[in-house]
2 protein chains.
Amino acid sequence: MTFPLLTDQVTQTLRAQGGRMTAQRRLILDVLQASDSHPTAEELYALARQSDPSLNLSTVYRTLNWLEERGFVSPRRFDDNHAHKHFDPVQPDGGHVHHFHCRKCDRVIEFSAPQVELLLEQIRGEIARQHGLRVDDAALVLSGLCMDCVAKS
Amino acid sequence: MTFPLLTDQVTQTLRAQGGRMTAQRRLILDVLQASDSHPTAEELYALARQSDPSLNLSTVYRTLNWLEERGFVSPRRFDDNHAHKHFDPVQPDGGHVHHFHCRKCDRVIEFSAPQVELLLEQIRGEIARQHGLRVDDAALVLSGLCMDCVAKS
DNA sequence: AACGTTAATGCAAACGATTTGCAACAAGAA
DNA sequence: TTCTTGTTGCAAATCGTTTGCATTAACGTT
Ligand SMILES: [Mn+2]
Ligand SMILES: [Mn+2]
Ligand SMILES: [Zn+2]
Ligand SMILES: [Zn+2]
């Protein structure tokens, strides 16, 4: 199974910048898209290795960093106690999405809440005015137990 | 200058659990309270060392972990690219507070937005119902440039 | 189809933030 | 003052991630 959408976009960007599309990059992109969402570098690595056991972890990191620099993914640290990043494939529409983080199994679930956007706009302005600062972004992270972990408890 | 409030509470807890109040812990607590807010372990260490150059960084970490386990501070990672924690002294009233993070100078500013709480309650319930999960906490993090960094730009 | 340039890889070593094992130390109860 | 044992400093280990370098391979040119 191949995922042409992101892979093609990346190949285009790659070409435009004198880069090269490699088997490793193709594999990592496929795994990234097959993954339900927000995998860590280690998770991607483990999955990709099933297809190519010679793949190196540093290649995964280099690819993710390359993708991040071009805005194809954005890294997030949901966990305050464990240090790893989760890589969030950026959706083409640019729509703002928020996250739920399961503190038991580390799963991440996306959600959008249109009502939040309005309030965030309001808050952003208010805070900005109040403190004389410039708000560029707002992230809402809910945490707790995901459906599976609730079931198991 | 000494800050008796938190220090006394901590001493009490310490006593109650067979622990010992040491010069190092007193110092770290003082520096933590003198700091405007949300210092990192390294920041606390640097400040505390001005009073006691023999203080060791691992003692700072051990003290912060001890405080965290008893709910006196809570660690937060505001930065998605740098891995360090900021330590947030937990306010006694238990009131929910949100944060602004300056992505230029790493400063953290607290704010409370009562309007947010209502909406968060609403969202929490909605998301929980929709996905069958349990939401325990919600954190809103704004990011951008703080007043000083805005001025310098 | 073979070539040449140079981007990308694998590997191992370095890195920043934090944690840990252990021997020496010191708080505080007796 | 002594004794017990929680705490410290120090060094080494750990975790997630990054980097230098020799080797490989993508892909435009021939
Ligand atoms: Mn995680
Ligand atoms: Mn920071
Ligand atoms: Zn879970
Ligand atoms: Zn700033």
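Just so it is clear: chains get the letters A, B, ... in the order the sequence lines come, proteins before strands, and each one is counted from 1.
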Considering all heavy atoms of both residues, which atom of V97(A) and which atom of F111(A) are nearest to each other, and what is their separation? CG1-O, 3.4 Å

Send over the distance from [X] [atom1] to [N] [atom2], rounded to a whole Å.
X      : N       : atom1 : atom2 : value
E43(B) : dA17(C) : CD    : C1'   : 14 Å
D80(A) : dT18(C) : CG    : C1'   : 15 Å
D79(B) : dG16(C) : CG    : P     : 16 Å
R25(A) : dG10(C) : CZ    : P     : 11 Å
L64(A) : dT9(C)  : CG    : P     : 12 Å

Take nucleotides 10-19 of chain D nucleotide by nucleotide from the 5' end and write B, S or -, depending on whether a protein heavy atom sits under 4.0 Å from the base, only from the sugar-phosphate, or from neither. B-----SBBB

Where protein sits on nucleotides 23-30 of chain C, one letter per nucleotide: B base, S sugar-phosphate only, - none, heavy atoms under 4.0 Å: ---BBS--

One should read off an interatomic distance between H99(B) NE2 and I127(A) CD1, to the nearest 0.5 angstrom, of 12.0 Å

Find the distance between CG (L44(B)) and CG (L32(B)) and round it off to the nearest 0.5 Å.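 Reported to 0.5 Å precision, the distance equals 5.5 Å.
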
Charged N to carboxylate O under 4.0 angstrom, D137(B) versus R103(A)?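 Result for this pair is no, no salt bridge flagged.
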
Look only at the side chain of [X] and the backbone of [Y], and say whether a donor-acceptor pair between them is shorter than 3.5 Å.
X      : Y      : result
R25(A) : R20(A) : yes
E68(B) : L64(B) : no
D80(B) : R77(A) : yes
R15(A) : M21(A) : no

Let me check the geometry of the helix from dT19(C)-dA12(D) to dA30(C)-dT1(D). What is the bend angle between the axes at its two ends, five pairs each, to 10°?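 The end axes of the helix from dT19(C)-dA12(D) to dA30(C)-dT1(D) are about 30° apart, to the nearest 10°.
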
Between W66(B) and F72(B), what is the ring plane arrangement, given parallel below 30°, perpendicular above 60°, and tilted in between?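 The arrangement is parallel - the two ring planes meet at less than 30°.
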
So, is Q17(B) close to the dG6(D) phosphate, meaning a side-chain N or O under 4.0 Å from OP1 or OP2?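 For dG6(D), OP1/OP2 do not have a side-chain N/O of Q17(B) under 4.0 Å.
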
Show, in sequence, the C-alpha distance, side-chain angles and deciding distance for H82(A) and D106(A), and conclude whether the side-chain hydrogen bond (donor to acceptor under 3.5 Å, both in side chains) test is met. CA-CA 10 Å; H82(A) 296 163; D106(A) 197 41; over 6 Å; no

Give the C-alpha distance, both sets of side-chain angles, the deciding distance and a yes or no for salt bridge (Lys or Arg N to Asp or Glu O under 4.0 Å) between R107(A) and D148(A). CA-CA 10 Å; R107(A) 191 199 311 210; D148(A) 293 359; 2.5 Å; yes

